[in-house]
Amino acid sequence: MLGMIPLKKEMEKSYNPHVVEDRIYADWLEKGYFRAITGSGREPYTIAIPPPNITSQLHMGHAFDCSILDILIRFKRMQGREALCIPGTDHASIATEVMIIKAMAQEGLTKEDIGREGFLERAWKWYDKYGSRIVTQLKKMGSSFDWDKLRFTMDDGLSKAVTEFFVRLHEKGYIYRGEKLCNWCSYCQTTISDAEVDHTDREAHLYYLQYQIKGTDKFIQFATTRPETILADTAVAVNPCDERYAGLVGKTCLVPFANREIKIIADDYVDAKYGSGAVKITPGHDHNDFAVGERHNLERINILNDDGTLNEQTGCYEGLTVKAARERILKDLEALGLYVKSEKLNHSVGTHDRCKDVVEPRLKTQWFVRMEELAKPALEAFKSGELRIQPERFAKIYLHWLTNIRDWCVSRQLWWGHRIPAWYCACGEITVARTAPENCPMCGSVSLNQEEDILDTWFSSALWPFSTLGWPDKTPDFDYFYPTTVMSMGWEILFFWGVRMVFSGIELTGALPFKDMIIHGMVLDQNGVKMSKSLGNGIDPLEMISKYGTDALRLSLITGNTPGADFRFREEKITSCRNFCNKIWNAARFILMNTPEDFDAKAAYELTDADKWLISHCNRLSRDVTNLLDSYDLGLAASKVYDFIWDEFCDWAIEMAKPRLIAGDKAALWTLRRVFFDALRLLHPFMPFVTEEVFQSLQSDEETIMRSAWPVYNDENNHTEEEHAISAVKEAVKAVRSIRAEKDVPPSRKVQIFIVSDSREQREIFTRGLSYLKTLSSAQEIFIDGTKCNVPENALSVVITNAVIYIPLSDLIDAEKELARLNKEKVRLESEVTRCESRLANKGFTDKAKPELVAAEAAKLDEYKNMLSKVTEEISKL
RNA sequence: GGAGGCAUAGCUCAGUUGGGAGAGCGCUCGCCUCACACGCGAGAGGUCACUGGUUCAAGUCCAGUUGUCUCCACCA
């Protein structure tokens, strides 16, 4: 009898993640399950996590990333691979520096107030605080990362890797220093790379101005959005084919205020149809003009100070901000009669992605990496198929970026980061070296100064897959675990980071840093807007964990999502995943309650249709889930397990097992346990905590599910006939339940059921399934017969495949309604018959479709015809 | 200007080589059925954006149209 069995262990009625998760995680840590063993002989499977920036706490995007990686790692670990996941954090040079400066501003301090050393001291304190907080948060996500290998981009080893990278590039001639037009952020007072510039549309004015042509009283008109830069103009350009200006090319005009004479030149860059057809050329403050200037050998003038004010080149405008200077200059031009008109214009303005301040192109001497040669093998790696990018469509971004790559400006006028390993001597010599040189190789001077600038933060991120394993040293870890297997990232950093890891990995290690680059989407808020701190629409993963538990959050981020697609965050989804945790918990509780102390799991039991149906189903599930995970389709894999556990295991298997368990049938228990364990194993990567807790409660052969063997598909466990038998039982049960619901027959009212079938095989199926049929359809008695002569008059009838079910409920029968119901069924079957017939009559179908499909269609036709005739017969009786 | 995504039930989204439209939430009806009301059972609800093409067969493949979101580039 149920309930008579003493419980081995009490289980609460509902699952409480909070009492379980921390305890289990601590246990995992203590047992060292996350640690990968170098040189174990097992095939390595390596992932380096995208290191979160130490700028802030974990957000939903990190939680998402973290879930994906942990699913893969746990899956492969269970499959027997030596699975290593390396965690870490990124110093995020500029992003962190901006935040520290803001924090200091609260105290009324500036960088200069405390100096470089003082600032770095603060930065390291920042790292101590926020870096460790991120680690705590990653652990909270249930991540099975190897914490012994925790790395930070500014660790000694990783910094050594950065220096090595720079020096090697320098040795190959890929590093150069030069004055080029850079993106200058006046707020952060540093250059930034092209990738860090966001273009945003802003309302502005297009001003029509004019310069007087020297020696004449004529003027040449041009349009500009940035009148203040006329002070840096060194030419006016027109299109060579523009006849209006043909006579002016080669002449000279006058820049007011600067009192400079500049040439009128002809260049294809100018669009004769735009504006007046003439353009002022400012090589010192515009990327296009810089290019024109190179072609025509024009002087480059810089009119900006580092803080964004105008410099001494601008005479009386010196010290004004760009905005103030613009207003003054317009007014002054008007006074000189050089202002013509203005129009409203919507145009895009470059802003810094970190501080949102306007980026000014200006001349600066910076360090650059020549990209041409580095990009080639990275392109080749993809084209040859060695590097896989999934989903494939993201390869376009990768290819586009590498094909159109420009030299990489790597120097930053910041303090928090890796200082460039270059030393200046008063003689002018610059020495690039791994360690500080004792004296200048040129003049021998011992007075050398290291470059003040630091490197772009991505310079160190680019090395992450191998610097974390000890490169440039030949460490055992590097030998064993490199190259890594998978790299995962959001599409928004594919070009920042993914591309750079590939080319630097190939250059430095001679190998692709990873085989598969998987790209995921972004987490959007419930309105479909990207979650961001500035919009304040972010949802804190930890808050969700404290409400619903880690497993619920993890599953909700994965299940039912398409790879690479952005998706909206919905709290209701976490709720339903939380409910699923509870479902698993209660399934386990049920099994526990029904498992006697002396149950022998190793004995051989006589299995029934229901047992084999369940085993067969789970066997197929193992195959599907494995394949889906191997192709990185995590969303579909998760939903498959979810559906199996809820719909098949809980709603059918457990329900069918109940009468057998009451009768003391050990085979039923054996099957439930066995299949449940496999289902838990398949689910474990997605929901590590609840699966572990339940797994440990139910058995003692294995101490952790984490190291349990991943279920493997086996042909021997395919039971087609039994699956067919159980679907017939399910069809009958559903038919009875449906009638009962329609007639409002409460479960408490037990009924008699007559199942009439002229097929002996079918009768045997129902006879074998009698106990399930009885329980699941709330029947008192079930009679299975070859003829209907024993069926009482006035019974409700429902036709199913190969049988008719009669339920004698004379008090509920309304002949008219029954007629209507049966007629509706008749119409449905008739249309099915017609559909099958027309399909089979189509020669194209019978000739070209797969033979098994044609055969299946013919079988269905027979079935429908059979059912139709039975329905017709029932109707005639009414 | 270049490229890409998306358009399927009231909402949010799945839909794996082309072969009878699915889930969660919401809604309706009935159930505290001895694992679970964070639950159980039964339902309602869809011209798979539009047009054309390929095919015996299209939500699925191809072309175009419309709407929508995004990325890259440019914007005197």
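If you check B:G41, B:G15, B:C72 against the side chain of A:R737, the one that comes closest is B:G41. The nucleotide whose nearest atom lies closest to any side-chain atom of A:R589 is, among B:A35, B:G19, B:C25, B:A35. Nearest to the side chain of A:W491, among B:A35, B:U70, B:C40, sits B:U70.
Relative ring orientation between A:Y339 and A:Y207 is described as tilted, the plane-to-plane angle lying within the 30° to 60° band.
Contact check on A:E572 versus A:R570 returns a salt bridge, with a Lys/Arg side-chain nitrogen under 4.0 Å from an Asp/Glu carboxylate oxygen. Under 4.0 Å is where a charged nitrogen must lie from a carboxylate oxygen, and between A:K817 and A:E742 no such pair does.
Consecutive Watson-Crick or G-U pairing (both distances under 3.5 Å) extending over three or more pairs maps onto RNA chain B as B:1-7 with B:66-72, B:10-13 with B:22-25, B:27-31 with B:39-43, B:49-53 with B:61-65.
Distances shorter than 4.0 Å separate some side-chain N or O of A:T562 from OP1 or OP2 on B:A14. For B:G22, neither phosphate oxygen OP1 nor OP2 lies less than 4.0 angstrom from any side-chain nitrogen or oxygen of A:K640. For A:T559, no side-chain nitrogen or oxygen approaches OP1 or OP2 of B:G24 to under 4.0 Å. Regarding contacts with the backbone of B:A37, a side-chain N or O of A:K13 is found under 4.0 angstrom from either OP1 or OP2. Contact annotation: A:R568 reaches the phosphate of B:C13 (side-chain N/O to OP1 or OP2, under 4.0 Å).
Remark: P of B:C40 and CZ of A:F580 are 12 Å apart, rounded to the nearest angstrom. Between the CG atom of A:D744 and the P atom of B:C31 there is a distance of 8 Å, rounded to whole Å.
Contacts of A:R839 with the nucleic acid, taken as non-hydrogen atoms under 4.0 Å apart, include base atoms. A:I397 comes within 4.0 angstrom of no nucleic acid atom, judged by non-hydrogen atoms across all strands. Within 4.0 Å (heavy atoms only), A:R835 reaches at least one base atom of the nucleic acid. Among the protein residues, A:C577 comes within range of no part of the nucleic acid, since none of its heavy atoms lies under 4.0 Å from any strand.
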Check: residues 269-280 of chain A side-chain donor-acceptor pairs under 3.5 Å, at least two apart:
residue: A:D271; atom: OD1; partner: A:K273; partner atom: N; Å: 2.9
residue: A:S276; atom: OG; partner: A:Q221; partner atom: O; Å: 2.6
residue: A:S276; atom: OG; partner: A:A278; partner atom: N; Å: 3.4
residue: A:K280; atom: NZ; partner: A:T229; partner atom: OG1; Å: 2.7
residue: A:K280; atom: NZ; partner: A:D233; partner atom: OD1; Å: 2.8
residue: A:K280; atom: NZ; partner: A:T282; partner atom: OG1; Å: 2.9

- Item | Letter per nucleotide, 5' to 3', of nucleotides 3-10 of chain B [B base touched, S only sugar-phosphate touched, - untouched; heavy atoms, 4.0 Å] | SSS-----

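In A:K730, the NZ atom is crowded: over 12 heavy atoms of neighbouring residues, nucleotides or ligands sit closer than 6.0 Å. By the 6.0 Å contact criterion, CD on A:E392 is open, its count of non-hydrogen atoms from other residues, nucleotides or ligands being 12 or less.
Look at the P atom in both B:G64 and B:G24: the space between them is 38 Å, to the nearest Å.
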